[in-house]
There are 2 protein chains.
Amino acid sequence: MTRSTDLTTAELRVLKALWEVDRGTVADVRAELARRGQDLAYTTVMTLLGRLAAKAAVLVDREREPFVYRAAQRRESVLRDRLREFVREVFDGKADSLVLNLVADESLSHADLKAIERRIAEAEVHPPPPLEPITPTGKLPKKGRR
Amino acid sequence: MTRSTDLTTAELRVLKALWEVDRGTVADVRAELARRGQDLAYTTVMTLLGRLAAKAAVLVDREREPFVYRAAQRRESVLRDRLREFVREVFDGKADSLVLNLVADESLSHADLKAIERRIAEAEVHPPPPLEPITPTGKLPKKGRR
DNA sequence: GTTGGATTACTACAGACGTAGTTACCGCGG
DNA sequence: CCGCGGTAACTACGTCTGTAGTAATCCAAC
């Protein structure tokens with residue numbers, strides 16, 4: 001079995017838009033995607049959300065129309081799974097090699113590394129507070145419409 | 001255009017096997033893949049090598065049969081492109097976020113990070129020696145057969 | 001009431017993918 | 001000389017992907 005999970009890139013883009021709005025209708029997600037420069041047909045977004053629902057990646061509240069969607073898992077969790085898979089497939093599981101390449105590629109500076117270390121050191125001292133590293137979290141709710 | 005480049009995962013696996021043997025025939029590559037647990041039909045490997053050649057990812061010496069293939073680019077270079085793409089698509093270009101997640105996922109330890117820093121510090125002092133970080137390089141030539 | 005915009009459920013589809021079968025050669029061992 | 005294993009060139013194909021069109025509803029403003 002190919003793990004019913006495993007999102008495609010198009011699906012991931014939609015899911016990311018959904019995380020951004022936190023919860024929303026097809027129209028909401030579509031608008032968020034548009035804001036990101038992805039102009040898709042209304043039905044395309046619906047198809048994608050449908051596939052995501054089929055993969056249990058998003059939950060749908062069909063109580064009343066229009067249906068409201070929201071991600072089934074936290075962003076961190078999904079991205080981390082993706083990352084793990086990537087490290088395995090491309091870098092043979094060698095995470096350090098990956099980081100070394102990030103640096104060589106200048107995607108990451110020495111300063112960034114230090115900042116990360118500092119971050120970790122703090123986390124190790126204080127009791128693990130939010131549990132999740134503060135990644136690219138989104139702005140505010142920003143619903144609108146309806 | 002979808003950049004004639006952009007290897008699929010199956011193609012990447014083949015390319016990685018090719019790097020491992022450095023240069024070789026379809027049979028050589030197939031054997032290396034088998035060693036890695038990927039048993040593919042001879043023709044499948046040929047198809048994949050053909051597609052890689054079409055994408056200019058591998059060079060073919062058709063002087064005499066059986067043809068000899070070899071990667072067109074260094075491993076580091078290709079993996080790095082992949083990585084860059086991944087960081088952009090999944091982590092919105094935020095490399096530090098990616099690393100933070102590697103740590104949180106325990107794919108990377110604090111010690112690994114320090115080792116990397118040390119590595120960089122050295123590289124900054126000494127004149128950049130080999131230019132490429134010593135990543136998952138392969139064993140020895142190991143041809144055999146033929 | 002009628003109609004038009006919003007919405008959902010299906011269907012469509014071309015192109016990419018992963019794998020492999022078929023056909024045609026070709027040189028070597030018998 | 002002949003057949004066979006190794007090889008190259010094509011063809012095949014079921015799936016998956018990304019995108020979207022169509023049909024059927026529903027509700028609110030005329």
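Convention: sequence-line order gives letters A, B, ...; per-chain numbering from 1. Side chains are part of it too, since the values below use all heavy atoms of this structure and drop only hydrogens, waters and symmetry mates.
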I'd like a list of close polar pairs between nucleotides 21-28 of chain D and the protein, N/O only, cut-off under 3.5 Å.
{"unit_1": "D:dG21", "atom_1": "N7", "unit_2": "A:T43", "atom_2": "OG1", "d": "3.2"}

So if I apply the salt bridge (charged side-chain N to carboxylate O under 4.0 Å, His left out) rule between B:D92 and each of A:R75, A:R13, A:R36, which one comes out positive? A:R75
Whole angstrom value for the distance that separates C1' of C:dC10 from CE of A:M46: 10 Å
Out of C:dA9, C:dT7, D:dT7, which nucleotide sits closest to the side chain of A:P66? C:dT7
Between A:D105 and A:S107 (side chain of the first, backbone of the second, donor and acceptor by atom type, cut-off under 3.5 Å), is there such a pair? no
Side-chain N or O of B:R62 closer than 4.0 Å to phosphate OP1/OP2 of D:dA9: yes
Classify A:L48 by what it touches in the nucleic acid, base, sugar-phosphate, or nothing, heavy-atom distance under 4.0 Å. base
For A:Y42 and C:dT7, is the shortest distance between a side-chain N/O and OP1 or OP2 below 4.0 Å? yes
Report the distance from atom CG of A:D81 to atom OG1 of A:T5, rounding to the nearest 0.5 Å. 8.5 Å
For the pair made of CD in A:E11 and P in D:dG18, what is the distance, rounded to whole Å? 6 Å
Within the modelled atom types, does a donor on one side and an acceptor on the other bring the side chain of A:R51 and the base of D:dT19 under 3.5 Å apart? yes
Main chain of B:D61, side chain of B:R70: is a donor-acceptor contact present, judged purely on distance under 3.5 Å? no
Quick note, A:T8 side chain, CB onward, closest among D:dA20, D:dA8, D:dT17 is D:dT17
Can you tell me if the side-chain N/O atoms of B:T9 get under 4.0 Å from OP1 or OP2 in C:dC17? no
Would you say the side chain of A:R13 and the base of D:dG18 hold a donor-acceptor pair, judged only by whether the two atoms sit under 3.5 Å apart? no
Could you please name the option among D:dT19, C:dT8, D:dA9 that lies closest to any side-chain atom of A:A10? D:dT19
If you measure from the Lys or Arg side-chain nitrogens to the Asp or Glu carboxylate oxygens, is any gap between B:R119 and B:E122 under 4.0 Å? no
Closer than 3.5 angstrom, by distance alone: can the side chain of A:K16 be matched with the main-chain N or O of B:E89 as a donor-acceptor pair? yes
